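Shown next, in structure tokens, is the structure this report addresses.
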Amino acid sequence: MKKPTVKGALGSLSSFLLFFLTVGFIVSCCMMLFVSVLSETMDLTLTADNIATAAKVTFWNVILITFLFKFADYIRRKIMVERPTRIITEATERIMSGDFSVRISPMQNSGMEGFNQIAMAINQMAEELSGVETLRADFIANVSHEMKTPLAVMQNYGKLLQEEGLSEEKRIEYSKGITDGSRRLSEMMTNILKLNRLENQQIFPETTEFDLGEQLCECLLQFENVWEKKNIEVDTDIAEDIKVEADAELLSLVWNNLFSNAFKFTEEGGAVSLQLTATEHHAVIKVKDTGCGMSAEVGTHIFEKFYQGDTSHSVQGNGLGLALVKRVIDIMQGEIVVESAVGKGTTFTVKIRRS
């Protein structure tokens, strides 16, 4: 609680004097008008003694009225201004110290609607900050967790490489393990930077008109070695001359991630299909695989950062690819949905506005 100061006391005194002079002027004018009208109406004669007595009574009445009004204003300010101000100030100080659980109770009293709006805005801000803090903590925990695995692998293989008498076959195997781990870390850092720039709107789409079918074919052909190695059947049904007006580089991230997942989760001898059709206003792309599929619960989370349906991490990934895909599609004002069933494969459907 603040201690009274000389400056505060002088401020209160000046406020009282100003209030006193205002009330005195108003009351004096009213009394003079009242006495003047009364004397003329009733034909009364005013003497010096009468006027002096009336002036004294008026003076003390003004002091009393001023005091009562000032006291009432003091109580009003304490209840209607200082109290809600103190509550809001304490809440904001707690928020600044990192306590995002603070909430201000509604102020429904008459005359406090403005403070109530401020309180509601602060509550909403605290709720948003709490969500951001939770995401930040989860993000750090997930990054730390995802980095531990490849770092541990690289460390173990590094120790094994230091052993004497290693065969050439073992040396190549351990070196490959270190290379794979470093590549996984590099991919994760790259995806984190891309996702961060997208979410903070540091990447601005450069829209151009291009043939979507050609881009899809180019992206698909980059995985030719993968499908040949796993003997995966690839089926394409691409309509011709479907043009879109979008950022080609950002859209290539979408197709590369969808194709990568399709081939990654499809077993040897399976099938992956790509279909491109068009409606009046949209280009519709479907990427379907015959892989392991996923449950409905997993499907509701796959676009979240670091979420991986394969909790065993038997299939390499860092859970950022589909988060990137969703963010890019949102920037393009498109739509993406997933249909999947365990053991029956997965289908991603993307809609992009046509030019």
Side-chain angles (χ1 to χ4, degrees), residues 139-197 216-236 249 252-274 287-294 298 302 305-325 342-343 345-346 348:
F139 183 81
I140 292 174
N142 284 321
V143 169
S144 302
H145 176 73
E146 292 298 328
M147 290 180 67
K148 278 182 180 178
T149 302
L151 285 174
V153 170
M154 292 166 64
Q155 186 178 20
N156 291 335
Y157 280 129
K159 289 181 179 179
L160 291 173
L161 279 174
Q162 296 174 18
E163 296 181 357
E164 296 181 0
L166 279 178
S167 64
E168 185 68 13
E169 182 181 354
K170 288 293 184 183
R171 186 184 64 80
I172 294 175
E173 178 185 346
Y174 298 157
S175 299
K176 185 177 181 300
I178 293 176
T179 303
D180 291 342
S182 62
R183 185 178 63 250
R184 185 175 175 184
L185 279 176
S186 176
E187 289 176 353
M188 183 174 66
M189 292 300 107
T190 300
N191 284 337
I192 287 175
L193 290 174
K194 286 180 180 177
L195 189 57
N196 181 66
R197 293 177 66 191
L216 286 168
C217 290
E218 291 173 2
C219 291
L220 183 62
L221 287 173
Q222 295 178 21
F223 296 88
E224 185 174 4
N225 291 335
V226 178
W227 80 61
E228 287 183 350
K229 183 179 179 180
K230 296 180 69 173
N231 193 29
I232 294 175
E233 179 184 349
V234 177
D235 180 33
T236 59
E249 184 178 354
S252 67
L253 286 175
V254 174
W255 316 135
N256 287 335
N257 275 286
L258 293 182
F259 294 151
S260 175
N261 282 342
F263 291 118
K264 182 190 302 181
F265 292 102
T266 300
E267 301 292 338
E268 291 190 14
V272 171
S273 64
L274 168 64
V287 179
K288 182 178 181 181
D289 64 63
T290 59
C292 57
M294 68 186 90
V298 172
I302 57 171
K305 293 189 290 287
F306 291 107
Y307 183 82
Q308 297 185 54
D310 178 23
T311 55
S312 67
H313 288 214
S314 59
V315 180
Q316 289 189 358
N318 49 51
L320 289 173
L322 290 177
L324 271 172
V325 167
V342 177
T346 303
F348 284 94

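Small disclaimer: the values here were computed from a predicted structure and weren't measured. Values below: every heavy atom of this structure, side chains too, minus hydrogens, waters and symmetry copies. Just so you know, residue 1 is the first one in the sequence shown, and it goes up from there.
Using a distance-only test at 3.5 Å, with no hydrogens or angles considered, no donor-acceptor pair links the side chain of T290 to the main chain of G270. The closest donor-acceptor contact from the side chain of D289 to the backbone of T346 lies under 3.5 Å.
In the displayed structure, E224 atom CD is contacted under 6.0 Å by more than 12 heavy atoms of other residues, nucleotides or ligands. A 6.0 Å sphere centred on CD of Q222 holds more than 12 heavy atoms belonging to other residues, nucleotides or ligands.
Within the model, atoms OG1 of T266 and CG of N231 stand 12.5 Å from one another, a figure rounded to the nearest 0.5 Å. The structure places CG of N156 at 11.0 Å from CG of L161, a figure rounded to the nearest 0.5 Å. Going from atom CD of E218 over to atom OG of S252 covers 10.0 Å, rounded to the nearest 0.5 Å. For the atom pair I178 CD1 and E173 CD, the distance stands at 11.5 Å (nearest 0.5 Å). L258 CG to L216 CG: the interatomic distance, rounded to the nearest 0.5 Å, is 10.0 Å.
Residues K264 and K230 share a closest heavy-atom pair of O-NZ, 3.5 Å. Here the shortest heavy-atom pairing between L166 and K170 reads CD2-CB, 4.1 Å. Taking both residues in full, the closest heavy atoms of L220 and W227 are given as O-CZ3, 3.2 Å, listed atom of the first, atom of the second, then distance. Shown here for T179 and S182, the closest heavy-atom pair between the two residues is O-OG, 2.8 Å.
Side-chain contact between F348 and V325 is absent, with no heavy-atom pair separated by less than 4.5 Å. Side-chain contact between D235 and L274 is absent, with no heavy-atom pair separated by less than 4.5 Å. Side-chain atoms of V254 and F259, non-hydrogen and from C-beta on, never get closer than 4.5 Å to each other. At a threshold of 4.5 Å between non-hydrogen side-chain atoms, the residues F263 and V272 count as touching.
Pairs engaging residues 151-177 under the ring pair (Phe, Tyr, Trp, His ring centres under 6.0 Å) rule: Y157-Y174 [sequence neighbours left out].
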